[in-house]
Amino acid sequence: MAIQQGQCTVFKKNCLSGLENFAVGTPYTYKIALYTSFADIGPNTLAYTATNEITGTGYTATGNVLTVIPPASDDQTQTAYLSFANVTWNPASFTAAGALIYNSTTGAAVAVLSFGADKTATSTFTITFPTNNSTNAIIRFSN
């Protein structure tokens with residue numbers, strides 16, 4: 001079992017099918033759930049799963065709601081992109097090895113994050129998303 005980082009294939013298909021919408025005011029809510037090192041999640045993950053989701057002080061099953069930074073594009077790099085505001089659990093007393101971003105309205109997986117190793121929190125746990133631009137944003141579509 002392993003956590004493999006990457007955009008989920010089902011997310012790419014859902015984008016092409018019009019089943020994802022990150023614009024402000026849409027009926028979709030996106031969340032991030034945290035997982036132990038025993039989780040088997042990666043680009044082939046189809047949907048949110050509670051299997052091997054972490055437990056601990058300050059963490060609620062299904063994770064935290066994400067604040068979407070609205071989609072943008074860069075004509076020079078021919079890239080469309082979006083990111084999320086940093087997300088924090090406070091208080092936090094738990095260990096996590098990765099995370100799943102998912103559409104909590106439909107349950108469909110979006111992307112998997114691997115932390116590279118177990119990360120243990122004793123007071124606060126923050127996921128810092130990369131800069132929201134065409135070369136760094138967490139979700140990017142380009143040539």
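Just so you know, these numbers come straight off a predicted model, no measurement behind them. The first residue of the sequence shown is numbered 1, and numbering continues consecutively from there.
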So which atom in [X] and which in [Y] form the shortest heavy-atom distance, rounded to 0.1 Å?
X: Tyr28; Y: Asn103; result: CD2-ND2, 3.3 Å
X: Cys8; Y: Leu100; result: SG-CD1, 4.5 Å
X: Ala96; Y: Leu34; result: CB-CB, 4.1 Å
X: Ala33; Y: Tyr59; result: CA-OH, 3.3 Å

### Task
Might you work through the side-chain contact (heavy atoms from CB on, under 4.5 Å) test for Ile127 and Phe115, ending with a clear yes or no?
CA-CA 10 Å; Ile127 294 177; Phe115 302 154; 3.9 Å; yes
Residue list, side-chain contact (heavy atoms from CB on, under 4.5 Å) with [X], at least two apart or on another chain:
X: Thr77; value: Asp74, Thr79, Ser134
X: Ala117; value: none
X: Leu46; value: Val10
X: Thr95; value: Asp118, Thr120

Within a strict 4.5 Å, meaning less than it, do heavy atoms of the [X] and [Y] side chains meet?
X: Pro43; Y: Gln4; answer: yes
X: Tyr35; Y: Thr49; answer: yes
X: Phe11; Y: Ile139; answer: yes

### Query
With sequence neighbours left out, which residue pairs that include part of residues 8-19 fulfil the side chain to side chain donor-acceptor pair (under 3.5 Å) condition?
none
To the closest 0.5 Å, what do you measure between [atom1] ([X]) and [atom2] ([Y])?
X: Ile32; Y: Ser104; atom1: CD1; atom2: OG; value: 12.5 Å
X: Ile138; Y: Asn136; atom1: CD1; atom2: CG; value: 10.0 Å
X: Ile101; Y: Leu66; atom1: CD1; atom2: CG; value: 6.0 Å

What pairs with [X] under side chain to side chain donor-acceptor pair (under 3.5 Å), at least two apart in sequence or on another chain?
X: Gln78; result: Asn143
X: Thr135; result: Asn133
X: Thr62; result: Lys31
X: Ser93; result: none

For residues 82-92, please give each side-chain donor-acceptor pair under 3.5 Å, one per line with the distance, not counting sequence neighbours.
unit_1	atom_1	unit_2	atom_2	d
Asn86	OD1	Phe129	N	2.8
Thr88	OG1	Thr126	OG1	3.0
Trp89	NE1	Asn64	OD1	3.0

Using only atom types and a distance under 3.5 Å, with no angle test, would you say the side chain of [X] pairs donor to acceptor with the backbone of [Y]?
X: Thr106; Y: Ala108; result: yes
X: Tyr102; Y: Val112; result: no
X: Ser114; Y: Gln5; result: no
X: Asn21; Y: Thr26; result: no

### Query
Under the ring-ring contact (aromatic ring centres under 6.0 Å, His included) test, which residues partner Tyr81, sequence neighbours left out?
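ring-ring contact (aromatic ring centres under 6.0 Å, His included) list for Tyr81, sorted by chain: empty.
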### Aromatic ring proximity Tyr30/Phe22, centre distance under 6.0 Å
yes
